[in-house]
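Accompanying notes for the structure given below.
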Amino acid sequence: MPLTSAFPLLQPSGTIALAERGLMLHAVEFMLIVAIPVYILLFFFAWKYRAGNTKAKYMPDWEHSKMDELVWWAIPFEIILILGALTWSSTHALAPNKPLDSARGEPPLVVQVVALNWKWLFIYPEEGIATINYLRIPVGRPVQFEVTADAPMNSFWVPQLGGQIYAMTGMSNVLNLEASETGTFAGGSANYSGAGFAGMKFVVEAVPEDEFDAWAQTTKLSANVLSDDSYTFLARPSTGDPVAYYGEVEDGLYTTIMEKYMDLLSPGAHHH
């Protein structure tokens, strides 16, 4: 299926992305209150005080005007206050780990994300399945992403659904998103992570809930099993990996991946 947007930031298809676009546009509008008059005055003064205008006043001893300074300091100051208040409120309202309310009262779908070299592993713990470089979610239902890495630091991002969240070894960051309409969206890495970074992309499909449930049941029929051994092979650096499906996932694999770095990150760890 073709991706739905060439300008994903300006054509959101998710609850969070829509709010983020609104915040961005409001910020630009407030900044234009200063920028537009400055450019108008730039051309006005260039025309008014051109060399050929003999009627322009010549005031070599003029220093300043209290009224003029009040205007050009007060207006930007007020805009900064407005932008500060807007940023403060939106930062809390759009916090990545803030749960989203479901219109149907459903619990969020949990998807565990592991950034590898150079591919994405998606584990659906409740469904007991996993995918590589492909993500399917139900439309209109919040999705809670738990994000970690088993490779250099990375960043998980689906621009049409919302902002990015960092993927780091030994940590699990939470990102809550929701698709507000069906579609196919582009996802990828927003943080340079080495030679295969450019190809570290995945496809996201938002589908109706019943279609998602049917897909999950079909995926469970796959003979591929994601065990400790098969994961060790999967985690090896590679590029251009095709979409893959796993019908069974070893219990607690995500936690195992994350906690393998805990001893190295602990304050009392010894490094050799």
Side-chain angles (χ1 to χ4, degrees), residues 2-14 16-17 19-21 23-24 27-28 87 90-91 94-97 111-123 130-137 143-177 179 183-205 226 231-244 253-266 269 271:
L3 298 180
T4 57
S5 175
F7 303 97
L9 291 177
L10 299 179
Q11 296 177 296
S13 296
I16 297 299
E20 289 176 340
R21 185 187 66 174
L23 173 63
M24 180 174 61
V28 171
T87 302
S90 60
T91 297
L94 301 175
N97 60 352
V111 179
Q112 297 168 334
V113 183
V114 183
L116 300 170
N117 273 336
W118 283 274
K119 48 193 168 285
W120 293 95
L121 168 63
F122 301 104
I123 301 172
T131 61
I132 296 293
N133 291 338
Y134 176 77
L135 178 63
R136 179 171 286 209
I137 58 175
V143 182
Q144 179 180 296
F145 293 100
E146 299 173 356
V147 185
T148 192
D150 194 2
M153 179 177 171
N154 217 299
S155 177
F156 171 78
W157 192 24
V158 185
Q160 281 184 262
L161 298 185
Q164 62 87 32
I165 194 75
Y166 283 111
M168 295 178 279
T169 55
M171 295 183 64
S172 182
N173 288 328
V174 175
L175 176 65
N176 290 280
L177 299 177
T184 304
F185 316 119
S189 169
N191 189 79
Y192 181 70
S193 57
F197 161 76
M200 199 169 174
K201 301 175 181 179
F202 58 91
V203 173
V204 182
E205 279 196 80
L226 190 59
Y231 173 77
T232 300
F233 179 80
L234 175 67
R236 295 175 181 175
S238 61
T239 57
D241 290 73
V243 172
L253 180 60
Y254 179 83
T255 302
T256 301
I257 296 170
M258 184 181 62
E259 291 184 348
K260 67 193 270 189
Y261 294 95
M262 298 303 287
D263 290 340
L264 298 175
L265 297 174
S266 62
H271 299 278

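All values reported here derive from a predicted model rather than from experimental measurement.
Of the possible polar contacts, none joining the N173 side chain to the M168 backbone as a donor-acceptor pair under 3.5 Å is found. Put simply, the side chain of Q160 gets close to the backbone of Q11: a donor and an acceptor are under 3.5 Å apart. Although no hydrogens or angles enter the test, the distance criterion places no donor-acceptor pair under 3.5 Å between the side chain of W157 and the main chain of Y166.
The CZ atom of F197 sits 7.5 Å away from atom CG of N154, with the distance rounded to the nearest 0.5 Å. Here L253 contributes atom CG and Y231 contributes atom OH; the two are 7.0 Å apart, rounded to the nearest 0.5 Å. From I132, atom CD1 reaches atom CZ of F122 across 8.5 Å, with rounding to the nearest 0.5 Å. Put simply, CD1 on I257 and CD on Q112 are 8.5 Å apart, with the number rounded to the nearest 0.5 Å. The distance from the NZ atom of K119 to the OG atom of S189 is 13.5 Å, given to the nearest 0.5 Å. Between atom OG1 of residue T131 and atom CH2 of residue W120 there is a gap of 12.5 Å, rounded to the nearest 0.5 Å.
Residues D241 and N133 come closest through the heavy atom pair O-ND2, 3.0 Å. Across L94 and E20, no two heavy atoms sit closer than the pair CD1-CG, 3.9 Å. For the residue pair T239 and G196, the shortest heavy atom distance occurs at CG2-CA, 3.7 Å. When all heavy atoms of M200 and L116 are compared, the pair lying nearest together is CE-O, 3.1 Å. Contact between A167 and A115 at its shortest, heavy atoms only, is CB-CB, 3.9 Å. When all heavy atoms of E205 and Y134 are compared, the closest pair comes out as OE2-OH, 2.7 Å.
Ring pair F202/F156 is parallel by interplanar angle, where below 30° counts as parallel and above 60° as perpendicular.
Counting only heavy atoms from C-beta outward, the side chains of S193 and W118 approach each other to under 4.5 Å. Using a 4.5 Å cut-off on side-chain heavy atoms (C-beta onward), D150 and Y261 make contact. Side chains of V158 and F145 form no contact here, defined as non-hydrogen atoms less than 4.5 Å apart.
Each of L175, I16, I137 was compared with L161 under the side-chain contact (heavy atoms from CB on, under 4.5 Å) criterion, and only I137 meets it.
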- Item | Test side-chain hydrogen bond (donor to acceptor under 3.5 Å, both in side chains) applied to E146 and S172, step by step | CA-CA 6 Å; E146 299 173 356; S172 182; 4.9 Å; no
